[in-house]
Amino acid sequence: MCGIFGIVTKETRQLGPTLIEAGRRLSYRGYDSVGCATIDSQGIIDLRKDVGKIDDVANRLSFQEMSGKRGMLQLRWATFGEPSQVNSQPHLDSEGGMVGAHNGNVVNNVELRQQFIAEGMTVRSTNDGESCVHAVERYVKQGMDMVTAIRHADGDLQGDYAFVIGKAGEDRLYAFKKGSGLVAGLAEDATIISSDLPSVLPLTRKIIRIEDGEIVVFWANGLELRRVSDGSLVERQPEIIQESMEVAQKGGYAHFMEKEIHEEPKVAEELLHLLENSEDVEPMLERMRSARNLYFVGCGTSYNACMMGSVYLSRLAGRVAIPVLAPQFIAQFAPALGPEDVGVFVSQSGETKDVLNAVAVAKEKGAAIFSLVNVIGSTLTKVSEYHLPMGCGYEISVPATKTFTNQVITFLYLALRMGGHDTTILKELPELMEETLKTALPQVETIEKRLMPWDSLYCLGYGLSYPIALEGALKIKEITYAHCEGMLSTEFKHGPLAAVTDGYPVIFTVNPENIPLILSGINEISCRGGWAIAIGEDDPRLHANAHDVITVPHTTPEIVSLLTVLPLQLLSYRLSLVRGFNPDFPRNLSKTLTVD
Ligand code: M6R
């Protein structure tokens with residue numbers, strides 16, 4: 001997803017290296033184009049931008065040499081306008097006296113462009129970031145100062161976004177937040193604004209979180225916050241961030257994804273510690289027990305964890321929770337929601353727009369808002385009555401791995417507690433995960449090359465393993481670009497079986513409880529020439545029926561299913577590599593989806 005960064009320094013200096021580093025730290029969000037602008041003391045704007053990755057574009061356009069007292073950088077993930085040089089950000093106003101960039105979506109971009117052209121402005125791209133600049137230009141041309149112009153522009157720009165903008169001949173930059181994340185940093189010799197913390201923390205740990213509807217006016221020595229509604233000043237004390245910044249290091253691994261998979265046992269252990277010591281667990285459980293309806297809400301991987309949570313809750317606590325994708329929650333359940341209902345919203349980033357939209361609707365209806373979130377301080381943590389941290393630290397690679405396992409472990413913990421079971425069984429989890437990772441990798445390597453040519457495959461599971469099959473399929477399609485469909489194993493014969501030809505790969509995630517049922521599925525495929533791969537406990541029946549078997553350690557059915565996701569994560573990672581892709585930053589995707 002797009003990211004913006006802006007800086008104002010005390011002295012004129014070479015800003016290129018700072019902007020490049022900020023771009024690298026924002027790059028985990030996913031992007032297709034990069035741009036930088038600096039404004040020097042003569043008011044000359046140096047704008048360089050193009051399609052490509054940060055280091056590549058920075059080299060080609062010599063970002064390194066860019067200097068001034070004011071600078072901005074933008075990483076663009078295309079929504080309005082194809083990825084192209086002209087659509088890259090930042091953008092200039094008509095006369096080239098202002099420059100700005102945004103993150104998010106301006107949904108009335110098409111109408112606005114027509115108005116700007118009709119008003120005689122020079123519109124160079126089809127990108128909505130340019131509309132933010134012209135919307136401010138429109139009012140500056142009428143003689144308004146920048147803050148007043150931004151306040152008026154807000155009335156014209158529909159959507160959720162944040163932008164940074166600067167004008168030649170001044171000593172400051174301006175930013176505005178409405179829906180997309182924005183933080184400010186107060187360093188000794190500079191003031192910074194950014195879409196998120198990793199790009200700010202190397203420069204300062206003194207930060208101010210910007211809230212929706214706030215304009216930031218920032219100069220080298222500080223900033224002021226003003227409400228867009230009436231221009232009044234907002235008082236907010238800075239906070240000091242203590243978090244470690246070893247984030248963007250791969251720690252000897254080839255990719256962040258590989259590193260993050262291997263961190264799973266360690267973060268699981270930390271999570272269990274957090275949960276045991278959390279004061280929020282008991283009051284959350286209390287409300288969940290007495291809720292009229294209980295919903296587990298998320299998107300993508302986080303939704304798959306919700307499904308797993310729902311299966312756990314029903315089995316271990318006899319309580320029904322409805323797992324639902326966030327946008328469908330609004331469409332399907334909002335009309336029936338009430339104050340007696342509870343929603344548990346699950347999100348790694350805590351900024352996923354689809355999830356925040358669902359939260360807003362649930363709030364409006366008076367339902368209780370609980371959440372499981374990885375990024376502390378994110379919007380979701382702020383709007384939740386209770387939130388449980390995932391405790392994973394930064395997850396940089398776009399494919400979610402360690403956050404999925406910790407989401408599932410949290411649900412398992414809650415289900416055990418709600419059902420009055422002993423949770424000490426979970427203590428063996430980190431070791432079992434460690435063992436799974438060790439034994440699965442060589443087994444995965446025996447099939448990765450044979451799987452490489454297949455552009456289509458299935459991943460099937462039943463009961464506890466059904467959400468795992470969905471998650472495995474999502475991982476495979478996300479980073480190998482093969483179409484992999486996740487499905488309930490029993491559904492395969494109701495249509496998809498027609499896809500099976502000689503050697504056609506079908507992966508089964510196997511729970512020990514359902515082996516006879518899975519064996520039927522395996523045989524339906526192999527008798528038609530298909531290739532059945534099973535992932536489950538070491539069981540002679542699997543070896544006798546499937547072509548390949550990847551084993552996980554023996555334990556309870558609830559934990560076996562969780563363990564089977566590890567070989568699937570490793571398989572998708574290895575398959576991505578043998579197919580020649582970078583699993584950390586899959587094409588077209590973004591880590592944090594802050595748009596509808
Ligand atoms: O930050 P969130 O957990 O809310 O993100 C939701 C999805 O966009 C995310 O899980 C996505 O599906 C993953 N990249 C899949 O690996």
Side-chain angles (χ1 to χ4, degrees), residues 1 3 28-31 77 79 180-181 195-196 198 255-258 260-261 264 296-309 323-329 343-359 369 371-381 383-384 387-408 410-411 459 467-481 484 486 565-566 568-573 575-576 581-596:
M1 193 67 15
Y28 76 94
R29 296 162 67 94
Y31 66 105
W77 185 75
T79 311
S180 293
S195 295
D196 63 21
H255 296 93
F256 287 114
M257 182 179 182
E258 188 188 16
E260 287 157 8
I261 292 172
E264 286 177 37
F296 292 168
V297 188
C299 294
T301 287
S302 297
Y303 165 71
N304 293 336
C306 290
M307 283 200 65
M308 198 68 186
V324 56
L325 288 161
Q328 185 66 11
F329 171 77
V344 179
F345 296 84
V346 182
S347 173
Q348 184 286 129
S349 59
E351 300 293 348
T352 298
K353 184 72 185 351
D354 287 340
V355 174
L356 296 180
N357 290 346
V359 169
I369 312 291
S371 60
L372 315 186
V373 196
N374 192 42
V375 178
I376 304 303
S378 59
T379 308
L380 185 54
T381 60
V383 295
S384 305
H387 72 266
L388 296 179
M390 289 174 200
C392 293
Y394 286 98
E395 188 177 67
I396 303 287
S397 72
V398 171
T401 53
K402 57 178 176 173
T403 52
F404 176 74
T405 45
N406 269 13
Q407 287 165 351
V408 171
T410 305
F411 275 127
C459 193
I468 299 296
L470 296 184
E471 176 56 12
L474 177 60
K475 280 300 86 92
I476 292 172
K477 65 188 144 212
E478 184 177 20
I479 58 172
T480 75
Y481 311 156
C484 183
V565 85
L566 303 185
L568 282 166
Q569 293 172 344
L570 286 172
L571 178 63
S572 61
Y573 171 70
L575 204 50
S576 175
F581 306 120
N582 179 349
D584 283 343
F585 303 110
R587 71 178 179 216
N588 305 338
L589 297 184
S590 166
K591 183 74 182 162
T592 310
L593 283 154
T594 53
V595 292
D596 289 309

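One-based numbering, in listed order, for ligands and for the atoms of each.
- With values rounded to the nearest 0.5 angstrom, Leu372 atom CG is found 11.0 Å from Thr403 atom OG1.
- Within 4.0 Å of ligand 1, the residues that place a heavy atom are Cys299, Gly300, Thr301, Ser302, Ser347, Gln348, Ser349, Thr352, Val398, Pro399, Ala400, Leu474, Lys475, Glu478, Leu593, listed by chain and number.
- Donor-acceptor pairing under 3.5 Å is recorded for the side chains of Glu260 and Ser397.
- Checking Ser572 against Glu478 by side-chain atom types alone, no donor-acceptor pair falls below 3.5 Å.
- A donor-acceptor contact under 3.5 angstrom links the side chains of Ser371 and Ser384, judged on distance only.
- Screening residues 394-403 for salt bridge (Lys or Arg N to Asp or Glu O under 4.0 Å), with sequence neighbours left out, gives Glu263-Lys402, Glu395-Lys591.
- At distances below 3.5 Å, not a single donor-acceptor pair connects side-chain atoms of Tyr481 with backbone N or O atoms of Phe581.
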